[in-house]
Amino acid sequence: MPTDPQPIPVIIDCDTGIDDALALLLAVRHPGLDLRAVTCVAGNTDVDGVVRNTLTVLDQAGAPDIPVARGAERPLIEAVRTARHVHGHDGMGDFGLPAPARAAAGTDAVTLLRREILASPRPVTLIPTAPATNIALLLRTHPEVTRNIERIVFMGGAVATGNATPVAEFNVWHDPEAAAVLLTAGVPITMYGLDVFERVVVPGPDVRRLCASAEPGTRLAGKLLAHRGPATDESDPGGGLGDAGAVCAVLDPAGLTTHRLPVEISLAPGPARGQTLVDRRARPGESEIHEGTREQPLVDVALEVDVERYVKLYLGAVER
């Protein structure tokens, strides 16, 4: 585990649904992170719903006054395509959570991102757990922010199998052009994709214990995990951490096995649109031999994860 006594300054860019909420709970409650801001983008639900859900989760977590800003209400090119069939009509499992007591900041997401990144005394780690629309707009509007970005750890992509399509993961598929811009940021990037995302599951007994807690934030974590139970025949299924794994990766990068590999996004129309093409070949192939090499961003791609380590990290924080 990191020994730096100073918390890591982070900003989460999210589309708060179920597992974004799990990520927020961890970021608020772990003393190793300084959550400077949260920016919201359309994805799992519409952007106004994302803002509402984010504010509600921060209330339930007992968070300090963290600025929250509304961002893009649609992808750069595509129409909005939500995931309410996964996250519920309200994007938060339709738990009937109370309306938030706090309000969003009176500024837009890109302005807030620029302000908080440049104002941070230490370089900021960005954790996008959503379509990358806000991040792409930031990088194109204010490229100077990269001088104070330590790393981008994004939840998105897949080396093997997608979920939105057979080959594309939802966040990248939702706004492929934005994801392509993110990859060209010129700062270190970690891709926390479906290959590790789907493996980190909190065991059923732990989920039940969280659900039974009298503390609102801990209980909410349990309900969110229970909603994210994997498709299984087990009588006592657990719940996947999902996006919260990307926050674990910032806190404890040694829990991931990553390889630095060329990655590009398929932008052409058709069944491969939104695929993250990760080149794991040991040597150039005939395409490069005959047509020459193309410049591709190098990304630290997560291929393996220490599940028990991240589950322990998560539970230790949310039950504080």
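Along the sequence shown, residues carry numbers from 1.
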Residues that [X] engages under side chain to side chain donor-acceptor pair (under 3.5 Å), provided they are two or more places apart:
| X | result |
| --- | --- |
| Thr258 | none |
| Glu198 | none |
| Asp195 | none |

How many angstroms lie between atom [atom1] of [X] and atom [atom2] of [Y], to the nearest 0.5 angstrom?
| X | Y | atom1 | atom2 | answer |
| --- | --- | --- | --- | --- |
| Phe154 | Ile189 | CZ | CD1 | 7.0 Å |
| Leu24 | Leu35 | CG | CG | 7.0 Å |
| Thr125 | Ile149 | OG1 | CD1 | 9.5 Å |
| Tyr314 | Glu319 | OH | CD | 10.0 Å |

So do the side chains of [X] and [Y] get within less than 4.5 Å of each other, counting heavy atoms only?
| X | Y | value |
| --- | --- | --- |
| Leu182 | Ile152 | yes |
| Leu241 | Val201 | no |
| Ile117 | Leu138 | yes |
| Val80 | Pro75 | yes |
| Val311 | Val200 | yes |
| Leu225 | Leu210 | yes |
| Leu224 | Leu25 | yes |
| Val50 | Thr54 | yes |

Legend entry - Test side chain to side chain contact (heavy atoms under 4.5 Å, CB included) applied to Glu150 and Val187, step by step: CA-CA 7 Å; Glu150 179 74 22; Val187 301; over 6 Å; no

Salt-bridge criterion met for [X] and [Y] (N-O under 4.0 Å):
| X | Y | result |
| --- | --- | --- |
| Asp65 | Arg102 | no |
| Arg199 | Glu304 | yes |
| Arg29 | Glu215 | yes |

Would the distance check show the side chain of [X] and the main-chain N or O of [Y] forming a donor-acceptor pair, the cut-off being under 3.5 Å?
| X | Y | value |
| --- | --- | --- |
| Asp13 | Ala132 | no |
| Arg122 | Pro7 | yes |
| Thr218 | Val318 | yes |
| His30 | Gly32 | yes |
| Ser120 | Glu116 | no |
| Asp19 | Leu22 | no |
| Tyr192 | Val301 | no |

Which pair of heavy atoms, one from [X] and one from [Y], lies closest together, and at what distance?
| X | Y | value |
| --- | --- | --- |
| Val57 | Ala21 | CG2-CB, 3.6 Å |
| Val196 | Ala302 | CG2-CB, 3.8 Å |
| Pro123 | Pro9 | O-CG, 3.3 Å |
| Ala109 | Asn134 | CB-ND2, 3.9 Å |
| Pro131 | Asn171 | CD-OD1, 3.4 Å |
| Ala168 | Gln275 | CB-N, 3.9 Å |

Hydrophobic clusters here meaning ILVMFWY residues chained together by side-chain heavy-atom distances under 4.5 Å, can you tell me if [X] and [Y] are in one?
| X | Y | result |
| --- | --- | --- |
| Val247 | Ile66 | yes |
| Val153 | Val263 | no |
| Leu251 | Ile12 | yes |
| Val51 | Leu97 | yes |
| Ile18 | Phe197 | yes |

Inset, instruction - Answer with yes or no whether the side chains of Arg114 and Thr107 bring together a donor and an acceptor at under 3.5 Å. - result: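 Absent: no donor and acceptor within the cut-off.
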
Legend entry - Thr111 and Asp108: side chain donor to acceptor below 3.5 Å: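 Judged by distance alone, the side chains do pair up.
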
Legend entry - Residue pairs, two or more places apart or on separate chains, that pass side-chain hydrogen bond (donor to acceptor under 3.5 Å, both in side chains) and touch residues 71-81: Arg70-Glu73, Glu78-Arg273

Inset, instruction - Apply side chain to side chain contact (heavy atoms under 4.5 Å, CB included) to Ala179 and list each qualifying residue two or more places apart in sequence or on a separate chain. - result: Val172, Ile265

Inset, instruction - Going by the side chain to side chain donor-acceptor pair (under 3.5 Å) test, name the single residue among Asn53, Asp243, Asp20 that passes it with Asn44. - result: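 So the option named by the test is Asp20.
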
Legend entry - Co-members of the apolar cluster containing Trp173 [side chain, <4.5 Å]: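 Traced through the cluster, Trp173 reaches Phe170.
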
